[in-house]
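Encoded as structure tokens, the structure appears first; notes follow it.
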Amino acid sequence: MKAIVDCNSFYAACERVFCPSLHGKPVVVLSNNDGCIVSRTDEAKALGIQMAGPYFQSKELIQKNNVRVFSSNYHLYGDMSKRVMETLRMLTPSIEVYSVDEAFIDLDGIDEKNLFNYAHYIKHTTELWTGIPVSIGIGATKVLCKVANKLAKKNKKKTGGVIILQTIEEQMEALINTPVEDIWGIGNAHARKLRMFNINNAWELRNMNEGWVQKNLGGITGVRLVKELKGMNCMDMKEPLISKKMIATTRMFGKPILELKELKEAVATYISRAAEKLRRQNGVAGSLIVFVVKRGESNFNISYEPSTQSAYINLSIATDATNVLIAQAMLLVEKLYTTERKYIKAGVVLGNIQPNYTVQYNLFESRENNKERKLMKIIDNINFGIEADIVKFASAGTKRNWKMRQEMRSKRFTTKWEELFIVK
DNA sequence: TCTGGGGTCCTAGGACCC
DNA sequence: TCTGGGGTCCTAGGACCC
């Protein structure tokens, strides 16, 4: 058997740890730039505030009901996530961190009669040590774990936050109570399709034949999903993901910009971020994509939808040097830039990532990289150790009018000395 | 006027190779 | 007039996840 441990309303829960008066009160957390709602407590859900909905649409509801609103504070959430995962690691033999707020646990070797007590022990200890409430779903496969977890979360009072699917009867009941759009791996497009075929819950999907699924549900991915619903393991526990295959940094701007100079500054800054991430995993990137998004506008009787343009380059030598990547990116920005409309967003994606010891040099390029590598190391040490961005490239700008809005961010209680939590 | 950011996996089709 | 069979690699795009 396996389990998934999933933090309840994770971002909002992190805020509550450092502001206990918010327990029992509605809280929401916003995405970058205060654009969307990305985390809601149960009290906020009960008010009808939509997940992933634009903030401005719920603003009235939020103000009327005195909902506490936070901008996202990724320093805090990242650190709290680490604490949760460390706790699970100490309590269980093997975990796979699936996302910032979820981990699968391998329960092979645990006596099935003890699963219930074991799950409650994990739940209780995690909550005690970190202050973050969790729900646990247990089943034979990852997909069944997710089914169990979803139901456990939906019905915390009745289930105590833990559901175990052991017998076929338990599985059947759970699957019947899971509408197709709630199945892990079924998104909007497939859900609509399934409904069209009058397949409405997970049990009905489970009983479809393989040929049909193969043809209508994304090929092999769909077949695996249905097998997992039947209790046949098709998704292994994964080794911890050490190196990413692509690294992206993209942001909306705080306000739309028109100037090429500002656009370049933003892109140079994103490259700096992405290259730091790249170096942290000891990787080098072989390709680079820059994209920019123009604002939608209506002038007189012409209207434009927001539109994205992108350009990419394959680097002759894979690199992790910020300055090299910035230089290439600037050329791409110049290629993309026009003055016709304002820009609201830009991003960079580093691809073709390889470990840095495999770099393929070529005849026509010198090996100056050593010098660069030393420089990058020094810059990274200063920025990681003292304060982010204390040393940066001039092309990344100093005024940064385009920086995102984060008007309601809490303090970085656990990662910045100047912002430590104060107990009176 | 206002709608985030960062990922993964799979497939189809084209280019190219022997 | 006639023109094989079997691969690999790359890219773009779709779908999905949190």
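All chains are named by letter (A, B, ...) in the order of the sequence lines, taking the proteins before the strands, and each is independently numbered beginning at 1. Computed from heavy atoms alone, side chains included, the values below leave out hydrogens, waters and symmetry copies.
- Among the atoms of the strands shown, none is found under 4.0 Å from any heavy atom of A:Lys59.
- Atom CD of A:Glu334 sits in a crowded spot, with more than 12 heavy atoms from other residues, nucleotides or ligands closer than 6.0 Å.
- Rounded to whole Å, atom P of C:dC17 lies 11 Å from atom CD of A:Glu181.
- At a threshold of 4.0 angstrom between heavy atoms, the contacts of A:Asn33 with the nucleic acid are absent.
- Within the 4.0 Å cut-off from OP1 or OP2 of C:dC16, at least one side-chain nitrogen or oxygen of A:His190 is found.
- Rounded to the nearest 0.5 Å, atoms CD (A:Glu419) and CZ (A:Phe413) are 8.5 Å apart.
- Atom-to-atom, CG of A:Asn32 to P of B:dG7 comes out at 13 Å; the value is rounded to the nearest Å.
- Between B:dC17 and C:dG4, the two C1' atoms lie 14 Å apart (nearest whole Å).
- Shown here is A:Asn314, whose CG atom has more than 12 heavy atoms of other residues, nucleotides or ligands within 6.0 Å.
- Toward the 5′ end of DNA chain B lies the nearest nucleotide of A:Gly53, the other residue of the pair A:Gly53 and A:Thr250 mapping further downstream.
- Looking at the side chain of A:Trp184, the nearest of the listed nucleotides B:dG5, B:dT8, C:dC18 is C:dC18.
- With B:dC9, B:dT3, B:dT8 as the candidates, the nucleotide lying closest to the side chain of A:Lys244 is B:dT8.
- Judged by the 6.0 Å distance and 45° axis criteria, A:Lys142 is positioned over the aromatic ring of A:Phe104.
- Atom-to-atom, CE of A:Met51 to P of C:dC17 comes out at 13 Å; the value is rounded to the nearest Å.
- Contact annotation for A:Leu30: no contact, since no heavy-atom pair falls under 4.0 Å across all strands.
- Within the nucleic acid shown, A:Asn314 comes within 4.0 Å of sugar-phosphate atoms alone, with no base atom in reach, counting heavy atoms only.
- Residue A:Cys36 is the one, among A:Cys36 and A:Thr249, whose nearest nucleotide of DNA chain B lies closer to the 5' end (criterion: closest heavy atom).
- With both pairing distances under 3.5 Å, C:dA15 is matched to B:dT8 as a Watson-Crick or G-U wobble pair.
- Considering only the side chain of A:Phe56, B:dC2 comes nearest among B:dC2, C:dC18, B:dG5.
- Relative to the side chain of A:Arg295, the nucleotides B:dG4, B:dG7, B:dC2 differ in distance, and B:dC2 lies closest.
- When rounded to the nearest whole Å, the span between CZ of A:Arg251 and C1' of B:dT3 equals 17 Å.
- Using a 4.5 Å cut-off on side-chain heavy atoms (C-beta onward), A:Arg279 and A:Thr322 make contact.
- You'll find that the side chain of A:Asp101 is closest to C:dC18, out of B:dT8, C:dC18, B:dG6.
- Note: CG (A:Asn188) to P (C:dA15) measures 10 Å, nearest angstrom.
- Following rounding to the nearest Å, A:Arg192 (CZ) and C:dG14 (P) show an atom-to-atom distance of 14 Å.
- Residue A:Ser31 places its side chain closer to B:dG4 than to any other of B:dG4, B:dG6, B:dT11.
- Between A:Lys146 and C:dC18 there is a side-chain polar atom (N or O) within less than 4.0 angstrom of OP1 or OP2.
- Residue A:Ile183 is classed as a sugar-phosphate contact, given heavy-atom separations below 4.0 Å to backbone atoms only.
- Nucleic acid contact class of A:Tyr98 (heavy atoms, under 4.0 Å, all strands): sugar-phosphate only.
- Side-chain nitrogen and oxygen atoms of A:Arg273 include none within less than 4.0 Å of the OP1 or OP2 phosphate oxygen of B:dG5.
- The separation between A:Ile37 atom CD1 and B:dT3 atom C1' is 11 Å, rounded to whole Å.
- If you check every strand for non-hydrogen atoms under 4.0 Å, A:Gly187 touches sugar and phosphate atoms only.
- Judged purely by distance below 3.5 Å, without hydrogens or angles, the side chains of A:Thr414 and A:Asp79 pair a donor atom with an acceptor atom.
- Taking atom OH on A:Tyr270 and atom P on B:dG5, their separation rounds to 8 Å, with Å as the unit.
- A:Lys255 has no side-chain polar atom (N or O) that falls below the 4.0 Å cut-off from OP1 or OP2 of B:dT1.
- Among the atoms of the strands shown, none is found under 4.0 Å from any heavy atom of A:Tyr74.
- Summarising the local packing, NE2 of A:His124 is surrounded by 12 or fewer heavy atoms from other residues, nucleotides or ligands at distances under 6.0 Å.
- The phosphate of B:dC9 (OP1 or OP2) has a side-chain N or O of A:Lys245 nearer than 4.0 angstrom.
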